[in-house]
A.B. asks: 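Dropping the structure in here first, questions after.
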Amino acid sequence: MSKALLLSTDLFFASRIKSAAVEAGYEMSMGKSIEKVTLKEGLQVVIVDLSTTGSTVEAIAQHVREQSPSARLVAFGPHVQTGRLAAAREAGFDVVLTRGQLDHGLGQLFSEA
């Protein structure tokens with residue numbers, strides 16, 4: 001089974017992401033920060049909510065690349081947080097989306113992994 005990790009404290013939106021992941025055949029685990037989760041072997045997607053994570057995007061990208069180098073890094077956040085979205089791009093995230101873009105493309109998010 002494919003594996004995904006979501007870093008977020010937004011339980012409402014997290015449940016929507018988890019539903020899309022399960023529907024696409026993924027086992028979804030969740031956590032609040034990258035330092036407090038164990039990256040599972042075979043992890044394919046790491047999704048980071050930029051508005052709720054306590055870690056810097058640089059720390060997240062570095063940790064994931066060291067532990068699960070083939071995992072696709074996806075960041076999302078409010079469209080008004082342009083600095084955080086830009087920081088995620090600069091840190092090497094594979095996909096950076098606004099919350100609205102992610103919400104509209106949830107079905108495609110896991111089919112592209």
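Throughout, numbering of the chain's residues begins at 1 and tracks the sequence.
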A.B. asks: According to side-chain contact (heavy atoms from CB on, under 4.5 Å), who are the partners of E23, at least two apart in sequence or on a separate chain?
C.D. replies: none

A.B. asks: Name all residues meeting the side chain to side chain donor-acceptor pair (under 3.5 Å) criterion together with R65; count only those two or more places apart in sequence or in a different chain, and write none if there are none.
C.D. replies: D94

A.B. asks: Could you work out, with salt bridge (charged side-chain N to carboxylate O under 4.0 Å, His left out) as the rule, every residue matching E27, not counting sequence neighbours?
C.D. replies: K40

A.B. asks: First locate atom CG of L5, then atom CE of M30, and finally report the distance between them rounded to the nearest 0.5 Å.
C.D. replies: 9.5 Å

A.B. asks: Suppose we screen for side chain to side chain donor-acceptor pair (under 3.5 Å). Which residues come up paired with Q101, at least two apart in sequence or across chains?
C.D. replies: T98

A.B. asks: Please enumerate all residues that pass ring-ring contact (aromatic ring centres under 6.0 Å, His included) together with F93, with sequence neighbours excluded.
C.D. replies: none

A.B. asks: Listed by chain and number, what are the side-chain contact (heavy atoms from CB on, under 4.5 Å) partners of T82, not counting sequence neighbours?
C.D. replies: none

A.B. asks: Do you know which two heavy atoms are closest between S51 and R84, and how far apart they sit?
C.D. replies: CA-NH1, 3.6 Å

A.B. asks: How far apart are the closest heavy atoms of A91 and A61, and which atoms are they?
C.D. replies: O-CB, 3.5 Å

A.B. asks: Sequence neighbours left out, what passes salt bridge (charged side-chain N to carboxylate O under 4.0 Å, His left out) with R16? Give chain and number order.
C.D. replies: D103

A.B. asks: Taking all non-hydrogen atoms of both residues, which atom of A88 and which atom of L50 are closest, and how far apart?
C.D. replies: CB-CD1, 4.2 Å

A.B. asks: Can you see which heavy atom on L43 is nearest to which on V46, and at what distance?
C.D. replies: CD2-CG2, 3.4 Å

A.B. asks: Checking S68 now: which residues fulfil side chain to side chain donor-acceptor pair (under 3.5 Å) with it, not counting sequence neighbours?
C.D. replies: none

A.B. asks: Rounded to the nearest 0.5 Å, what separation is found between the NE2 atom of H63 and the OG1 atom of T56?
C.D. replies: 12.0 Å

A.B. asks: Please name the pair of heavy atoms, one in L85 and one in V96, separated by the smallest distance, quoted to 0.1 Å.
C.D. replies: O-CG1, 3.5 Å

A.B. asks: Let me confirm one number: the CG-CD1 distance from L109 to I47, rounded to the nearest 0.5 Å.
C.D. replies: 4.5 Å

A.B. asks: Partners of Q62 by side chain to side chain donor-acceptor pair (under 3.5 Å), sequence neighbours excluded?
C.D. replies: E66

A.B. asks: Just verifying a value: how many Å separate F76 CZ and D49 CG, rounded to the nearest 0.5 Å?
C.D. replies: 3.5 Å

A.B. asks: Can you give me the closest heavy-atom contact between K3 and G42, atom names plus distance?
C.D. replies: CB-O, 4.1 Å

A.B. asks: Under the rule for side-chain contact (heavy atoms from CB on, under 4.5 Å), what residues qualify as partners of A21, not counting sequence neighbours?
C.D. replies: Y26, M28, F110

